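All remarks here apply to the structure that follows.
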Amino acid sequence: MTKGFSPVTFKLLTFSFLAFLLITANPTNVLASGGGDSDEEFDAAEMINHHILDSHEWHFFDGHYGTLFLPVILYDTEKGLTVFSSSNFYDEHHNVVAYNGYVYEHGHIVAEDGRMLLDFSITKNVAFLFLNAGLLLWIFLSVARGYKKRAGQAPKGVQSFFEPIIIFVRDEIVKPNIGPKYEKYLPYLLTLFFFIWFGNLLGLLPGAANLTGNIAVTIVLAFLTFLVTNFSGNKNYWKHIFNTPGVPGALKPIIVPVEIIGIFTKPFSLLVRLFVAITAGHIVILSLIALIFIFQSWAVGFGSTIIVTFINFIELLVATIQAYVFTMFSSLYIGLAIEEHHDDH
Amino acid sequence: MELLTPGIGLIFWQLLIFLIVFFILRSLAWKPIMGALKAREAMIGDSLKAAENAKEEMAQIKADNEYLLQEAREEREKMLSEALKTANDIKEEAKAETSKISEKMISDAKVTIENEKKAALAEVRTLVGELSLEIAEKILKEKLGDEKSQKALVDKFLKDVKVN
């Protein structure tokens, strides 16, 4: 109690440690039971990549009905827009085949003759994005309805669950970082926070897509913050970049390019942080699960399950922290761009 | 490496969907929610202020009451003392009046008594005169009842007159 660990956590840690000892002490035994009976060699890297990367079908479980084939939307200069199901890339024996002059290789669709192709398909991540957006709309429209229904009264139900979080975002993230003009940016930052938070949490579900851990998603979010920051930047902000106060003229050729690079490194840090944090979490969990399939041992399965459960709890925390951090830094950048009085430093 | 290559499709959809979600939530969720929260915060602030005001008003009323009570008490005190004084004055005045009246009555009585006394004396004097006359008459009647004495007296008077 006094050591800062709760007894349950401590027991869990001890147990995990013992499980690890068991694995490492009996490597031959574990490996011996692992080989032979499966005709396909288990490839951990491929399994992990399959889970964290995007794909044109949503695989839930093995078998005939376990896979949802998503629509493929392609644009190329020759054929224009083409839409078809990704199931066309598979024949009845589940072998990958070419379709309509397009080839499906390593999760990518390319033209057989190698010409330029734009892929706007509803991939697993896009489908998951729709889900996330739908959930956001459904929840927050009903929260807003609660305020209309119970005007001037105490919040109830889903409304009372989200109200403290909305107030937290407003009072602890946005207000202190942006200052008195925070209200203009509040809708964007609230949407950002809940989009990332919901995306992170949904991504932890079994069979879910790695939406917020996809670099395309984080690029878009960081780009929006970049736009908001630089379009609301005032005279002070630009002066600070192109004519940094308090810097001797001789140093300006060095400082100004650094400041200009700084405009881009800020959103870049945002996109990399979210992408890395979420993807790394998924990789850790998947690696620990992969251990079970590599060793095919009861002991490893047991130990691994316990550790994965533990990591999952940490991931719940990370999901929230990353949403907080992304919103907090976005607010900070916007706040710096609209700051009126700039202390000389 | 594929992990680090953003797909153009996902970028497009993410941008589109995020913006749609943003615009819908901004007008249909964040605006009413923020408005309601602000209204509620304002209401709470107002209520607190009103309570504070009411408290102050209460204290003011209490002070007023205290003042009124004090004033009433003073008034009562004053009225009482005034009444007492008036009563005293009246008493004094009555006393003075009474003594004056009784004095006058006494003096009047004295005068009356004096007058009565004089009248009585005068009457007594008249009575004494009449009585004396009567007595004298009776004596005379007694003395001059027979002719001889009357003749003697007349003779006497005549003798006196003849002398003159």
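Each chain gets a letter, A, B and so on, in the order its sequence line appears, and its residues count up from 1. As the structure is a prediction and not an experimental result, all values here were calculated from the model.
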Of the listed B/L25, B/I20, B/V21, the one with the largest count of heavy-atom pairs under 4.5 Å with chain A is B/V21
Checklist entry - Does NZ belonging to A/K149 count more than 12 external heavy atoms closer than 6.0 Å? => result no
Among A/R170, A/Q153, A/K148, the residue with the most heavy-atom pairs under 4.5 Å to chain B is A/R170
Applying a strict 4.5 Å limit to non-hydrogen atoms, the region of A/I219 in contact with chain B is side chain
Smallest heavy-atom separation, A/I215 atom then B/L3 atom, equals CG2-O, 3.7 Å
Okay, B/F12 and chain A: the region with an atom under 4.5 Å from a heavy atom over there is side chain
Chain B shares the most heavy-atom pairs under 4.5 Å, among A/L221, A/T123, A/L118, with A/L221
Bottom line for A/R145: the part with an atom under 4.5 Å from chain B's heavy atoms is neither
Could you give me the CA-CA distance, side-chain angles and deciding distance for A/F140 and B/L28, then say whether side chain to side chain contact (heavy atoms under 4.5 Å, CB included) is met? CA-CA 9 Å; A/F140 288 102; B/L28 294 179; over 6 Å; no
When the 4.5 angstrom heavy-atom criterion is applied to A/S142 and chain B, the contacting part is neither
Whatever's closer than 4.5 Å to a heavy atom in chain B on A/A151 counts as neither
Within a radius of less than 6.0 Å around CD of B/Q150, do more than 12 heavy atoms belonging to other residues, nucleotides or ligands occur?
yes
- Item | Side chains of A/V217 and B/L10 in contact at under 4.5 Å (non-hydrogen atoms) | yes
Chain A shares the most heavy-atom pairs under 4.5 Å, among B/A29, B/P32, B/A39, with B/A29
- Does the side chain of A/F130 reach to within under 4.5 Å of the side chain of B/W13, using non-hydrogen atoms? yes
Handout entry: pair B/F18-A/L192: side-chain heavy atoms closer than 4.5 Å
Key = yes
**Asked** Would a 4.5 Å heavy-atom cut-off, applied to side chains only, mark A/L137 and B/I24 as touching?
**Response** yes
In terms of heavy-atom pairs under 4.5 Å with chain B, the winner among A/F194, A/F195, A/F223 is A/F195
- Measure the shortest side-chain to side-chain distance between A/L186 and B/W30 over non-hydrogen atoms and say whether it is less than 4.5 angstrom. no
Decide yes or no for A/N214 and B/Q14: does some side-chain heavy atom of the first lie under 4.5 Å from some side-chain heavy atom of the second? no
When the 4.5 angstrom heavy-atom criterion is applied to A/L190 and chain B, the contacting part is both
Rounded to the nearest 0.5 Å, the CG atom of A/L131 sits from the CD1 atom of B/I17 at a distance of 11.5 Å
Listed by number, the residues in residues 267-275 of chain A that come under 4.5 Å of chain B (heavy atom to heavy atom) are A/F275
Query - Heavy-atom side-chain proximity of B/I8 to A/Y75 below 4.5 angstrom - result: no
Under a 4.5 Å heavy-atom criterion, the part of residues 51-88 of chain B in contact with chain A comprises none
Separation between CG (A/L129) and CG (B/L16), nearest 0.5 Å, reads 9.0 Å
